[in-house]
Amino acid sequence: MASYCEGKVAVVTGGASNVGLGYARGLAWAGAKVVVADLNEKAGAETQRVINEENGEDCCLFVKVNITQQADIDNLAAQAFAKFGKVDILINNAMNMRLNGPVLSSPVEDLVSSFEISAKGVMMCIKAFVPGMLERGYGVVTYSATQFHYCPPMVGGTIYTAGKAAATSLIMSLANEVKGKGVNVFCLTPA
């Protein structure tokens, strides 16, 4: 019996650790080829090694990416398309967990960084991969929000959740823009 993900290609940002690593391994296990985009080169290389060991050679490609830099997103897309020819699934997961301070004691620069990673990075990835999905009439775009409102017992604080809220709004808007065109858009809240 063929797996639902067999023949599909997925890009997972922040895919070398935590929830992103789980997404990457799960997609590979389900039959997809996986491109792991992450800033941590050591963890990314290990993720590629492990996923390829678990699922067969050339199942996973690691690309070092700073999600806030257009040149890095362009390189990510170029490498993904060169290796696998297409991208069917985009999981936007990257975030800096250290950006979780409260409003009154956090520098404004932390909020800017949170928006750069969550909102700007997500939009650049959408622009890199969704047009091809629309051309083929098939695609899945997700955003891993963890949380997008302030909830004290949870992982993130105000700065973290502000960035996540911005990206969540962006993803919800994308869902309306591509409705009925074969691209399905989801917002996941694994926490």
Side-chain angles (χ1 to χ4, degrees), residues 3-40 44 47-48 51 55 58-95 115-146 163-164 166-190:
S3 167
Y4 173 76
C5 288
E6 196 164 321
K8 305 289 191 294
V9 178
V11 169
V12 181
T13 69
S17 63
N18 301 321
V19 174
L21 175 59
Y23 291 141
R25 289 180 75 194
L27 285 161
W29 175 82
K33 302 292 186 182
V34 181
V35 180
V36 171
D38 204 286
L39 191 56
N40 186 327
T47 297
Q48 177 179 302
I51 291 175
N55 301 283
D58 291 330
C59 177
C60 179
L61 170 68
F62 165 67
V63 180
K64 183 178 180 182
V65 175
N66 179 337
I67 202 76
T68 70
Q69 301 299 311
Q70 185 65 57
D72 281 15
I73 300 300
D74 293 344
N75 180 54
L76 170 63
Q79 288 199 48
F81 294 136
K83 178 77 172 175
F84 298 120
K86 63 177 181 166
V87 171
D88 303 294
I89 302 165
L90 171 61
I91 298 186
N92 296 284
N93 174 69
M95 185 51 169
F115 286 143
E116 287 241 325
I117 296 166
S118 287
K120 179 183 173 187
V122 167
M123 185 164 179
M124 288 190 299
C125 285
I126 287 169
K127 292 176 82 57
F129 298 111
V130 173
M133 294 175 186
L134 289 169
E135 286 175 17
R136 290 189 312 280
Y138 176 83
V140 176
V141 180
T142 67
Y143 182 65
S144 181
T146 309
K164 291 289 189 174
T168 299
S169 180
L170 186 68
I171 286 293
M172 291 166 56
S173 295
L174 176 67
N176 284 320
E177 289 181 30
V178 301
K179 186 175 183 179
K181 297 179 181 177
V183 176
N184 297 293
V185 182
F186 303 94
C187 187
L188 304 175
T189 310

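Just so you know, residue 1 is the first one in the sequence shown, and it goes up from there. From a predicted model like this one, the values you see are computed outputs, not experimental measurements.
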Determine, stepwise, if the pair T13 / V65 fulfils side chain to side chain contact (heavy atoms under 4.5 Å, CB included).
CA-CA 8 Å; T13 69; V65 175; over 6 Å; no
Shortest non-hydrogen contact from [X] toward [Y]:
X	Y	value
F62	Q48	N-OE1, 2.7 Å
G15	T47	O-CG2, 3.8 Å
A80	V35	CB-CG2, 4.0 Å
I51	C59	CG2-SG, 4.2 Å
V34	A28	CG2-N, 3.7 Å
G163	S118	O-CB, 3.1 Å

Check whether K164 reaches the backbone of S144 with its side chain - one donor and one acceptor, N or O, closer than 3.5 Å.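 Yes.
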[Y] side chain reached by [X] side chain, heavy atoms, under 4.5 Å:
X	Y	result
L174	Y143	no
V141	M133	yes
N40	S17	no
D72	I67	no
V19	L188	no
L76	F129	yes
D88	R136	yes
Y23	T142	no

To the closest 0.5 Å, what do you measure between [atom1] ([X]) and [atom2] ([Y])?
X	Y	atom1	atom2	result
E116	Q69	CD	CD	7.5 Å
K120	Q70	NZ	CD	8.0 Å
K33	E6	NZ	CD	9.5 Å

Evaluate side chain to side chain contact (heavy atoms under 4.5 Å, CB included) for C125 paired with L90, printing each intermediate quantity in order.
-> CA-CA 8 Å; C125 285; L90 171 61; 4.0 Å; yes
Query - For K83, salt bridge (Lys or Arg N to Asp or Glu O under 4.0 Å) partners two or more places apart - result: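 Scan of K83 (salt bridge (Lys or Arg N to Asp or Glu O under 4.0 Å), adjacent residues dropped) gives D58.
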### Query
Is the number of heavy atoms from other residues, nucleotides or ligands within 6.0 Å of CG (N18) greater than 12?
no
